[in-house]
Enquirer: 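Starting off with a structure, shown below.
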Number of protein chains: 2
Amino acid sequence: MANAMARTAADTTDTTSPQGRIRRENVERILKAAERIFAEAGFAGATMADIAERAGLPKANLHYYFGTKEDLYRAVLDNILRMWLAPIDSFTPDADPSVALTAYVTAKMEASRTRPHASKVFANEILHGGTQVERFLAEDLKSLVDAKAGVIDGWVAAGRMAPVDARQFLFMIWAVTQHYADFDVQIRKVLGRRTLTRQDFAAMTAEVLRLVLRAAGLPELQIAEPQVSELEPPTDSVPSIS
Amino acid sequence: MANAMARTAADTTDTTSPQGRIRRENVERILKAAERIFAEAGFAGATMADIAERAGLPKANLHYYFGTKEDLYRAVLDNILRMWLAPIDSFTPDADPSVALTAYVTAKMEASRTRPHASKVFANEILHGGTQVERFLAEDLKSLVDAKAGVIDGWVAAGRMAPVDARQFLFMIWAVTQHYADFDVQIRKVLGRRTLTRQDFAAMTAEVLRLVLRAAGLPELQIAEPQVSELEPPTDSVPSIS
DNA sequence: GTCTATAGAGAGATAGAC
DNA sequence: GTCTATCTCTCTATAGAC
């Protein structure tokens, strides 16, 4: 999927020339604006005019760089999918299950805090049928889950954690961690808070870790908290597409 | 919120006369069709023409019964919110925590199986800001969570379950159980299944129960499975609005 | 390469016949 | 009460000036 996206003007040009620099900056501004607008309104609810305004560019430029609205949406999704798979690398046969799970849950909670729009765009895509990410789900993600489920099964077989259905255990981790980005409105209203601060996220991460580790029959690590504290601020910066 | 919805032609007329019967049937067909279309496409992506076609009625009838698209959407949401709060009634100070949690998780998983469209409409609404359910979240749901968190705190204080942050424990249950409705596409693709059967849901419910009860430091009940087996089929029937 | 002005399609809503 | 035909507005996309 990550390599099967539509070819557009945005990725066919030399990036070392001066023109390439402006292009790269504009593309990045558009992608950042688009991620936000698509997160807030969904694909159908987002308008090219809204995205253009947020990016501070004329509407026609979006079509110049990305062709159609759907092409732009796919480029945004592509950015998101690329980072979606990474943090689970900590799951290896020789790793300590407590350490690996702590690292993974912490990374997922950090993603919910620092890139909430990305999580929402993905959630919205899945919620409405996931037609744009079908291959990603059935190939890339399935392969990864199959592999990591094997690792977890090995941990269970070795008596290093309580018996779990490995795939459902992963679903649980995804559901719980992404919930803090996707359902933030509900969480804030129920807790009576206007915003969720970095401190709130540190506390929520600690509690999620406690519940997940207990569900896995593992002791809680005492070093969990420091890992959350020194990361970048909650902006919505998007990595370059090129 | 449930009582603060827009008044429309749909709820101002006598329901005992012959006309009232036709009206009630049409309203129900429209609501059922609308729940499905709004779930599949979101508010912005859904069209009145799609809903009308699915309901087997001319487009103009939808406007006759519900006024605007937004009024119809609110009526659909109202139906959903009404059932959203009910199953947590099993949480009472004197209840056995294992029994109460088992009943609640089972009911939530059943809701994901039998009313997936309702779950998706609600998820979509929250995902995009929840402007139509603000009061529901900040008043009805917050009150309920405050009350039930008190019950859980009592169970913890009495040493009847492991220490948890009660509100976050509830968030975890919501996240995990609703995930099976909202992210069904992802789950099916990753598991390599075309559909999730009643048997699949029974197995998934058992595993979710195992994880949740373990996270709460509670023993698993042996009577869990039978509770899942004899419920209505996975249609998308919607209760009458009147 | 950039932007204004506009064409063209699609959607919500309604008038008015039945 | 019901439904066809249509009005009007919004949004995507592009033509063409600069």
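Within every chain, numbering begins at 1; the chains are lettered A, B, ... in the order of the sequence lines, protein sequences first and strands thereafter. Values reported hereafter were calculated over all heavy atoms of this structure, with side chains retained and with hydrogens, waters and symmetry mates removed. The model shown is predicted, which means the values in this text are computed figures rather than measured ones.
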Enquirer: Could you tell me whether B:Arg21 and B:Glu25 have a side-chain N and a carboxylate O separated by less than 4.0 Å?
Expert: yes
Enquirer: With sequence neighbours excluded, give me every salt bridge (charged side-chain N to carboxylate O under 4.0 Å, His left out) pair touching residues 55-69 of chain A.
Expert: none
Enquirer: Given atom CD1 of A:Ile37 and atom P of D:dT12, what is their separation to the nearest angstrom?
Expert: 12 Å
Enquirer: From CD1 of B:Ile22 over to C1' of D:dT2, roughly how many Å is that when rounded to an integer?
Expert: 11 Å
Enquirer: Looking for any heavy atom pair under 4.0 Å, which part of the strands does B:Asp50 touch: base, sugar-phosphate only, or nothing?
Expert: nothing
Enquirer: For nucleotides 11-18 of chain C, give me one character per nucleotide, 5' to 3': B if any protein heavy atom sits under 4.0 Å from the base, S if the only such contacts are to the sugar-phosphate, - if neither.
Expert: SBBB----
Enquirer: Look at B:Lys32 together with B:Glu28 and state whether they make a salt bridge at an N to O cut-off of under 4.0 Å.
Expert: no
Enquirer: In whole angstrom, give the distance that lies between atom CZ of A:Phe66 and atom P of D:dT14.
Expert: 16 Å
Enquirer: So, is A:Asn26 close to the C:dG1 phosphate, meaning a side-chain N or O under 4.0 Å from OP1 or OP2?
Expert: no
Enquirer: Determine, stepwise, if the pair A:Leu81 / A:Phe122 fulfils side chain to side chain contact (heavy atoms under 4.5 Å, CB included).
Expert: CA-CA 8 Å; A:Leu81 299 185; A:Phe122 183 75; 3.6 Å; yes
Enquirer: Under a 4.0 Å threshold between the charged nitrogen and the carboxylate oxygen, would B:Asp146 count as salt-bridged to B:Lys142?
Expert: yes
Enquirer: When the distance from CD of A:Glu53 to P of C:dC3 is rounded to whole Å, what number comes out?
Expert: 15 Å
Enquirer: Tell me the interatomic distance from A:Asn61, atom CG, to D:dA15, atom P, rounded to whole angstroms.
Expert: 16 Å
Enquirer: Verify the contact: side-chain N or O of A:Tyr65 to OP1 or OP2 of C:dT2, cut-off strictly under 4.0 Å; return yes or no.
Expert: yes
Enquirer: Please state whether the rings of B:Phe43 and B:Phe38 are parallel, tilted or perpendicular, taking 30° and 60° as the class boundaries.
Expert: parallel
Enquirer: Whole Å only: how far is the CD atom of A:Glu25 from the P atom of C:dG1?
Expert: 14 Å
